[in-house]
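Read through the structure below, which is laid out as structure tokens, and then see the notes.
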Amino acid sequence: MEDPSRRPQFAGLQPLLERLRGRVEQVIAAPPTAALRAGAGPAGGGEIGLSLENFETLLQESFPPCMRHLVMHQRAGRRLRFLGRLQLRPFLWKAGLAPPGGLQWWETELRRDLEVTHEIFDRKHRCQVLRAYGARGHGVEAHPFGRARIQDFPAPRAGQLRGCPFSARARGPVRLG
């Protein structure tokens, strides 16, 4: 049985409950995050709208020099080592390269190295690309490194490329493509 003396206290909660119900209905009607991860959103996985179709244009016009340098190094048929790939994968994801296109791009680019076959890509690289998108592992997508963190990367050894091409540790002239 309801106590009549408590009714005035509940009367003030009615507008709050109505607003809360409206907000819950908005959240339920929103597309699920997994659909956005799969590339169903307008810009794939990120904010910029990078896709396989506009990749070359944005590579020349909009990529930061450090990321363009990594892509051009890889395109020259040289191997992009672990920290270089670790730096590039989340950047491409947040720029909008959706997982299906991202997997295709990574396979094409990594296979420029003659030692990387389709089988080697599947065995060694596919899982890492999917992990960057949050499709593998704990479902947490990778976040791009900031400028300060990239500049703090250890100096690359022979045959390695990572970090900022303009850092004080860079040896000799840097060509960006």
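Only a predicted model underlies this, so the values are computations on that prediction, with no experimental measurement involved.
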Heavy-atom side-chain contact between [X] and [Y] under 4.5 Å:
X: L97; Y: Y133; value: yes
X: L70; Y: Q87; value: yes
X: Q128; Y: R85; value: yes

Side chain to side chain contact (heavy atoms under 4.5 Å, CB included) evaluation trace for Q74 with R112: CA-CA 7 Å; Q74 188 166 278; R112 290 179 193 264; 5.6 Å; no
Hey, could you give me the [atom1]/[atom2] distance between [X] and [Y], rounded to the nearest 0.5 Å?
X: M72; Y: Q60; atom1: CE; atom2: CD; result: 6.0 Å
X: L130; Y: H125; atom1: CG; atom2: NE2; result: 13.0 Å
X: T117; Y: E115; atom1: OG1; atom2: CD; result: 10.5 Å
X: M67; Y: L92; atom1: CE; atom2: CG; result: 8.0 Å
X: I120; Y: L110; atom1: CD1; atom2: CG; result: 11.0 Å
X: C127; Y: D122; atom1: SG; atom2: CG; result: 11.0 Å

Take F82 and L86 through the test side chain to side chain contact (heavy atoms under 4.5 Å, CB included) and record every step on the way to the result. CA-CA 6 Å; F82 178 75; L86 189 67; 4.0 Å; yes
Can you name the ring-ring contact (aromatic ring centres under 6.0 Å, His included) partners of F55, sequence neighbours left out?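 For F55 the ring-ring contact (aromatic ring centres under 6.0 Å, His included) partners, ignoring immediate neighbours, are F63, W105.
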Any sub-3.5 Å donor-acceptor pair from H73's side-chain atoms to R79's backbone N or O?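 It does hold such a pair.
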Are the side chain of N54 and the backbone of G49 linked by a donor-acceptor contact shorter than 3.5 Å?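 Answer holds: yes.
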If you look at every heavy atom in F91 and P64, which pair is closest and at what distance?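 That closest heavy-atom pairing would be CZ-CD, 3.5 Å.
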Kindly give the heavy-atom pair with the smallest separation between Q104 and L52, and that separation in Å.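 So the minimum-distance heavy-atom pair works out to OE1-CD1, 3.4 Å.
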Please test E56 against R75 for salt bridge (charged side-chain N to carboxylate O under 4.0 Å, His left out), starting from the C-alpha separation and ending with a verdict. CA-CA 12 Å; E56 297 303 319; R75 287 197 171 169; 2.7 Å; yes
Apply side chain to side chain contact (heavy atoms under 4.5 Å, CB included) to R126 and W106, showing your working. CA-CA 8 Å; R126 179 177 299 275; W106 276 103; over 6 Å; no
Show, in sequence, the C-alpha distance, side-chain angles and deciding distance for W93 and L88, and conclude whether the side chain to side chain contact (heavy atoms under 4.5 Å, CB included) test is met. CA-CA 9 Å; W93 162 235; L88 186 57; over 6 Å; no
Between E109 and R89, is the closest basic N to carboxylate O distance under 4.0 Å?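 No.
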